[in-house]
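Just follow the structure's listing: the first ligand is 1, and inside any ligand the first atom is 1.
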Amino acid sequence: MKKTGFIWDESYFWHQTGQGALNSGSGGWIQADTHAENPETKRRVKNLLDRSRFIKELHQIEPRAATRKEVEMNHDQTYLNCLKELSDAGGGDAGEHAIVGPDSYEIALLSAGGALTAVDAVMKNEVQNAYTLTRPPGHHAEYETGMGFCLMNNVAIAAKYAREAYGLKRILILDWDVHHGNGTESAFRSDKDVLFISIHQENIFPKNRGGISYTGEAGGEGYTVNIELPAGTGNEGYLQTFDKVIEPIVNQYQPELILISAGQDPSRFDPLGRMLMTAGGFYDMAARMKVLAENHCNGRLVALHEGGYSTAYVPFCTLRVLEALSGKQSGVEDPFDQGYHEGPFYQNQAEAIHKVIEIQKQYWEL
Ligand code: ZN
């Protein structure tokens, strides 16, 4: 049995977002804190893998940098030039909350390159599947602007690369980050070669994106699946969504490769989300995606780290994802589960899932 690939680089933790209060400046009214998207949530994932020795169950792979040509598959030249200039000048904002620090351009190329490294390793069957601890994250980045801490859209670049390098015709991107994957949706909105499914908290960020009635356009109509769930949804609501919406659609689409935008910010403790997932819930989602990959594409699955801002809980949630993907157990207990694995599940969550089914019935048998 081949191992799960794990791709990371020390420089992923060197992308500097500076000080802030949550996700921006405090307007000068409260003392500056560490920015929500800081290296610690990711570095502590690596720390937990080392501390628990689970890293030994994984096949570590060094990322290569993406080439300029590769990132141009998904980004405008002018934008990339601007990103480089800001980075060379020591920093700035490349869009809406898209913080650039010194050397962020080069680190972003290595982050996107980590995604490509993972795609190659999985497509060449060197590993059974792979997880990349990408940073900066990518799913909010649009063609011509950065957004929401994202500079280059790692998952979109990976999908375009996989299509070009391996001639794939059906790629699934599942985005379970608590925020809508607007940049990824934009990249494939009129494209049926990539099925984009985003499960997110309703209307949290970006504003007015990710509504369930938006299903793609032109030749891609029906290949964008937006699933909005109400604040307070926990494991049960997410898993019912897998049962009733995600799995039936993926079984009909029959992907040749599965990419996951794995944001661990639907967790119970995230400061930038209001969902109630436990680490065990992340295990369940990843395990179900692994089964889908085994049933449809010889297990080919790449998960890319996106958001997740609880320094205490993101490491545990990510460890569970890695356990599920590798089929190995770490023996690490979740100190924060506190009996919340089952729920809570309320009527408004059932209604939200039902509404999605009513819309998606136009395109899929549900
Ligand atoms: Zn997020």
Side-chain angles (χ1 to χ4, degrees), residues 12 15 17 20-24 34-42 44-45 94-99 108 111-112 115 131-142 145-156 158 173-187 196-211 226-234 237-238 241 259-279 281-282 285-286 303-318 320-321:
Y12 289 174
H15 164 58
T17 46
L22 286 178
N23 60 359
S24 61
T34 311
H35 191 279
E37 203 298 294
N38 64 66
E40 285 308 299
T41 43
K42 287 77 183 175
R44 289 159 68 102
V45 169
E96 186 188 343
H97 301 313
I99 298 161
S111 184
Y131 193 98
T132 305
L133 196 59
T134 34
R135 183 173 182 271
H139 74 151
H140 294 306
E142 297 276 356
T145 186
M147 189 193 278
F149 323 149
C150 298
L151 303 182
M152 298 179 190
N153 195 316
N154 305 315
V155 77
I173 300 176
L174 174 78
D175 185 325
W176 74 44
D177 188 284
V178 78
H179 307 103
H180 180 241
N182 58 288
T184 314
E185 178 187 90
S186 298
F196 177 63
I197 304 179
S198 181
I199 176 168
H200 47 270
Q201 185 185 328
E202 61 188 338
N203 212 10
I204 176 172
F205 182 85
K207 232 176 166 190
N208 301 321
R209 289 291 298 267
N226 278 312
I227 303 168
E228 287 184 306
L229 295 176
T233 303
Y238 273 83
T241 306
L259 305 176
I260 302 176
S261 268
Q264 269 68 274
D265 45 13
S267 91
R268 309 180 56 218
F269 300 106
D270 202 277
L272 300 186
R274 293 294 176 269
M275 295 308 214
L276 292 171
M277 294 279 289
T278 67
F282 285 93
M285 288 200 295
L304 305 176
H305 202 92
E306 297 279 3
Y309 307 99
S310 165
T311 47
Y313 209 37
V314 167
F316 290 96
C317 296
T318 308
R320 289 291 188 258
V321 172

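Side-chain contact between M275 and D270 is absent, with no heavy atoms from C-beta onward closer than 4.5 Å.
Summary: OD1 is the N/O/S atom of D177 found nearest to the Zn ion (ligand 1). Atom OD2 is the N/O/S atom of D265 found closest to the Zn ion (ligand 1). The atom of H179 nearest to the Zn ion (ligand 1) is ND1, with the search restricted to N, O or S atoms.
Using a cut-off of 2.8 Å, one finds that E306 contributes no N/O/S atom close to the Zn ion (ligand 1).
Using a 4.0 Å cut-off between charged nitrogen and carboxylate oxygen, K207 and E96 do not count as a salt-bridge pair.
Under the ring-ring contact (aromatic ring centres under 6.0 Å, His included) rule, F149 has a single partner from H35, H305, H15, H140, which is H35.
Classified by interplanar angle (parallel below 30°, tilted 30° to 60°, perpendicular above 60°), the ring pair F205/H179 is perpendicular.
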